[in-house]
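Chain A is the first sequence line, chain B the second, and so forth, proteins listed ahead of strands; every chain is numbered from 1. Heavy-atom basis, side chains included; hydrogens, waters and symmetry copies ignored.
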Amino acid sequence: MKLTNFPLHTLKEVPKDAEIISHQLMLRAGLIRRLASGLYTWLPLGMRVLRNIQKIIREEMNHSGAYEILMPMVQPAELWHESGRWGDYGSELARFNDRHDREFCLGPTHEEVITDIARNEISSYKQLPLIYYQIQTKFRDEIRPRFGVMRSREFLMKDAYSFHLNEESLLETYDIMRNAYVRILERLDLKFSIEKADPGAIGGSLSEEFHIIDDSGEIEVGHIFQLGTKYSKSMKASVTDETGKDCPMYMGCYGMGVTRLVAASIQQNNDSKGIIWPKKIAPFNIVIIPINMKKSFRVKEISEKLYETLIQSGYDVLFDDRDVRPGAQFVDADLIGVTHRVVVSDKELDKDMVEYKGRSSDKTRMIKIDKVLDYLF
RNA sequence: CGGGGCAUGGCGCAGCCUGGUAGCGCAACUGCUUUGGGAGCAGUGGGUCGGCGGUUCGAAUCCGUCUGCCCCGACCA
């Protein structure tokens, strides 16, 4: 990606709305912009990070035998009356009426909808166990949204739901999902802990939370539940077992805050200059900084060639082809946290070298131009 | 929802006390110079000072009211 073609909008000063470091950096690096309290737009740079995280989540979900679906964000009140939560959920549930005066809500979670799917699609124990998941926008009318994307009202969540003939099967799948969560957080290089938790409004027996460890306390990014038959009983979602008897399905549900993971990662990986992305979620693998490209044809030619080579090799490369001074280039590259930095300058080209620096280190190193690929990967 | 704070150009702020028709830095645009850690000079554009009402010859400034936003607390991915 050539930077002159990429809408990167970094801020020099810290917006006064932002208190915690991840929120400040997300605004300064141009990942997000606030629309209203608890509502954020994701800009192109932020989308790249979000996509990388989603990719890892999808891979681990698919590996665990879960099937991706997409449910509506708007849900009819009838389902919530059936489960009993229309009354229980409180004002965090955003409700509205359509033009025919029917009641609806914006989905804060999807147990009702998935249970409705399950009771219609599943009728035999032979179809079980079954795991569905989706990555979708949720809306919870939080009493107090705060810390930017860390606790917003609208947010992107991965939610999975499993269905079983009996409790043993539920426990087995619960364990599989628990392991998938561990792998996801490990692949994201996050330091985390797992805590027993109160099932709260979601219900069920056992539940565990995945906490992100941070200096300023602990910011929860995942929560998994053994629901048992809470929803299947109230909403009559049953299957026939091998004896021909109708049994309510056992259910599990597994939530993960995708947008919150972005903030959590920044919260754990930053320095005074900006974000230090873990390799797998960085918006770009490499940034190429040509020094004074406008004056030096050699710098221009060689950095463009290097850019093409790295692109051909399948890497996400950011080529800072702006006509700005080197200082501005360095500062932006550090702020947005690109993993590898290659500087092309006349000074080093005289020796057929370019300069390399990793974002997480402050040592620079000279590399022969034709060895850059080998060195980096 | 309770408590505290803030609202002036895209961002950060001054001006308000002591009313006289809006200013600084950054960002943006143009030109020249500059080019290894957010450049310099010159010039340009952009604000009904959060909304409404009141006081006054005159309100960003004083009074009333509403709204929005942020922080602390109980809840959540």
Side-chain angles (χ1 to χ4, degrees), chain A residues 8-20 23-24 27-28 30 33-39 53 57 89-93 107-110 134-160 181 184-185 192 197-202 207-212 217 219-225 253-264 272-274 289-296 299 320 322-336 341 343-349 354-355 357 362 364:
Chain A
L8 177 72
H9 302 124
T10 57
L11 303 175
K12 195 179 276 189
E13 289 170 284
V14 181
K16 69 167 178 180
D17 283 357
E19 182 80 2
I20 62 169
H23 189 198
Q24 293 177 354
L27 291 168
R28 288 226 295 136
R33 293 279 109 103
R34 187 180 63 76
L35 176 66
S37 179
L39 305 176
I53 291 178
I57 292 175
Y89 215 93
S91 48
E92 200 172 297
L93 186 67
T109 178
H110 278 68
Q134 66 172 349
I135 294 177
Q136 192 240 23
T137 299
K138 299 282 186 279
F139 187 87
R140 295 181 184 178
D141 197 358
E142 293 281 347
I143 294 170
R144 181 154 90 89
R146 58 176 136 175
F147 301 145
V149 130
M150 202 64 100
R151 188 188 304 175
S152 50
R153 291 192 292 175
E154 188 173 310
F155 59 96
L156 201 60
M157 177 163 136
K158 186 285 302 173
D159 45 328
Y181 271 46
I184 289 168
L185 296 177
F192 64 96
D198 177 358
I202 308 289
S207 91
E208 289 175 292
E209 294 174 345
F210 290 74
H211 290 254
I212 291 305
I219 10 188
E220 179 191 349
V221 293
H223 200 161
I224 57 179
F225 304 80
C253 85
Y254 318 90
M256 185 170 255
V258 183
T259 37
R260 187 177 274 188
L261 282 170
V262 179
S272 60
K273 295 174 184 168
I289 298 184
I291 301 291
N292 204 4
M293 179 172 86
K294 215 175 177 188
K295 283 274 172 63
S296 168
V299 167
D320 191 350
R322 295 175 301 176
D323 181 24
V324 295
R325 294 164 66 93
Q329 295 178 299
F330 292 139
V331 166
D332 275 338
D334 285 339
L335 178 60
I336 68 175
R341 185 183 86 185
V343 177
V344 181
S345 69
D346 271 320
K347 194 174 73 184
E348 301 304 330
L349 286 180
V354 293
E355 177 196 287
K357 186 174 111 46
D362 40 37
T364 58

Less than 4.5 Å apart, side chain to side chain, heavy atoms only: is that true for A:Gln136 and A:Leu156? no

Decide yes or no, distance alone: a donor-acceptor N/O pair under 3.5 angstrom between the base of B:G38 and the side-chain of A:Arg322. no

Spatial distance of atom OG (A:Ser91) from atom CD (A:Glu142) [nearest 0.5 Å]: 10.5 Å

Those residues that, when tested against A:Lys16, pass side-chain contact (heavy atoms from CB on, under 4.5 Å) (two or more places apart): none

In numerical order, the residues of residues 152-160 of chain A whose heavy atoms come under 4.0 Å of RNA chain B are A:Ser152, A:Phe155, A:Met157

For A:Tyr181, which contact category applies under a 4.0 Å heavy-atom criterion: base, sugar-phosphate, or nothing? nothing

Counting only side-chain heavy atoms from C-beta out, which of B:G37, B:C75, B:A77 sits nearest to A:Phe330? B:G37

Let me know the distance between CD1 of A:Ile224 and P of B:C76, rounded to the nearest Å. 16 Å

Close N or O pairs between protein and nucleotides 9-14 of chain B (under 3.5 Å):
unit_1	atom_1	unit_2	atom_2	d
B:C11	O2	A:Glu13	OE1	3.3
B:G12	OP1	A:Lys16	N	2.9

Using the side-chain heavy atoms of A:Asn292, tell me which of these nucleotides is nearest: B:G36, B:U35, B:C72. B:U35

When you measure from the side-chain N and O atoms of A:Arg325 to the phosphate of B:A39, is any distance below 4.0 Å, counting only OP1 and OP2? yes

Considering every strand and a 4.0 Å limit on heavy-atom distances, what is the contact class for A:Arg33: base, sugar-phosphate, or nothing? nothing

For A:Ser345, what residues pass the side-chain hydrogen bond (donor to acceptor under 3.5 Å, both in side chains) criterion, not counting sequence neighbours? none

Each nucleotide N or O in nucleotides 49-51 of chain B that has a protein N or O under 3.5 Å away: list the pair and distance.
none

Need one value for A:Gly257: base, sugar-phosphate or nothing, where a base atom within 4.0 Å counts as base even if backbone is also close, heavy atoms only. base

Compare side-chain N and O positions of A:Thr259 against OP1 and OP2 of B:A77 and report whether any pair is under 4.0 Å apart. no

With respect to the side chain of A:Ala36, which nucleotide from B:U35, B:C69, B:C71 is positioned closest? B:C69

Picking from B:G38, B:C72, B:U35, which would you name as closest to the side chain of A:Pro326? B:U35

Check every strand shown and say whether A:Gln329 touches a base, only sugar-phosphate, or nothing at a heavy-atom separation below 4.0 Å. nothing

Anything under 3.5 Å between a donor and an acceptor, one on a side chain of residues 143-153 of chain A, the other on a protein residue two or more places apart or in another chain? List them.
unit_1	atom_1	unit_2	atom_2	d
A:Ser152	OG	A:Glu154	O	2.9
A:Arg153	NE	A:Ser37	O	3.0
A:Arg153	NH1	A:Asp141	OD1	3.2
A:Arg153	NH2	A:Ser37	O	2.9

How would you label the contact of A:Phe139 with the nucleic acid (heavy atoms, under 4.0 Å): base, sugar-phosphate, or nothing? nothing

In whole Å, what is the span from the CD1 atom of A:Ile291 to the P atom of B:A39? 13 Å

Counting only side-chain heavy atoms from C-beta out, which of B:C69, B:A77, B:G37 sits nearest to A:Arg140? B:A77

Would you measure the distance from the P atom in B:G68 across to the matching atom in B:A60 and give it in whole Å? 24 Å

In whole angstroms, how far is the P atom of B:G36 from the CE atom of A:Met293? 15 Å

Quick one: is A:Arg144 getting a side-chain N or O under 4.0 Å of the B:C71 phosphate, OP1 or OP2? yes

Under 4.0 Å between any heavy atoms, over every strand shown, what does A:Thr109 touch: base, sugar-phosphate, or nothing? Just pick one. nothing

Just to verify, what does A:Ala197 make a side-chain contact (heavy atoms from CB on, under 4.5 Å) with, not counting sequence neighbours? A:Ser207, A:Glu209, A:His223

In whole Å, what is the span from the CD1 atom of A:Ile143 to the C1' atom of B:C76? 9 Å

Do side-chain atoms of A:Arg28 reach the backbone of A:Val14 as a donor and acceptor pair under 3.5 angstrom? no

Using whole Å, report how far CD of A:Glu142 lies from P of B:C70. 13 Å

Looking across every strand, which nucleic acid part, if any, lies under 4.0 Å from A:Ser345 by heavy atom: base, sugar-phosphate, or nothing? base

Sorted by chain and residue number, the side-chain hydrogen bond (donor to acceptor under 3.5 Å, both in side chains) partners of A:Asp320 (sequence neighbours excluded) come out as A:Arg322

Contacts of A:Lys357 meeting side-chain hydrogen bond (donor to acceptor under 3.5 Å, both in side chains) (sequence neighbours excluded), chain-then-number -> none

Taking salt bridge (charged side-chain N to carboxylate O under 4.0 Å, His left out) as the definition, give me every residue that meets it alongside A:Lys294, ordered by chain and number, with sequence neighbours left out. A:Asp323

Does A:Asn292 have any side-chain hydrogen bond (donor to acceptor under 3.5 Å, both in side chains) partners at least two apart in sequence or in another chain, and if so, which? none

How long is the line joining CG of A:Asp320 and C1' of B:G38, in whole Å? 12 Å

A:Leu261 side, atom CG; A:Ile212 side, atom CD1 - distance, nearest 0.5 Å: 6.5 Å

Output the single nucleotide from B:G36, B:C71, B:A27 whose closest atom is nearest the side chain of A:Lys12. B:A27

Interatomic distance, A:Phe155 atom CZ to A:Arg260 atom CZ [nearest 0.5 angstrom]: 7.5 Å

Only counting residues at least two apart or in another chain, list the ones meeting salt bridge (charged side-chain N to carboxylate O under 4.0 Å, His left out) with A:Arg325. none

May I ask you to verify whether the side chain of A:Arg34 and the base of B:C70 hold a donor-acceptor pair under 3.5 Å? no

Whole angstrom is fine here: how far is it from CG in A:Leu35 over to C1' in B:C69? 13 Å

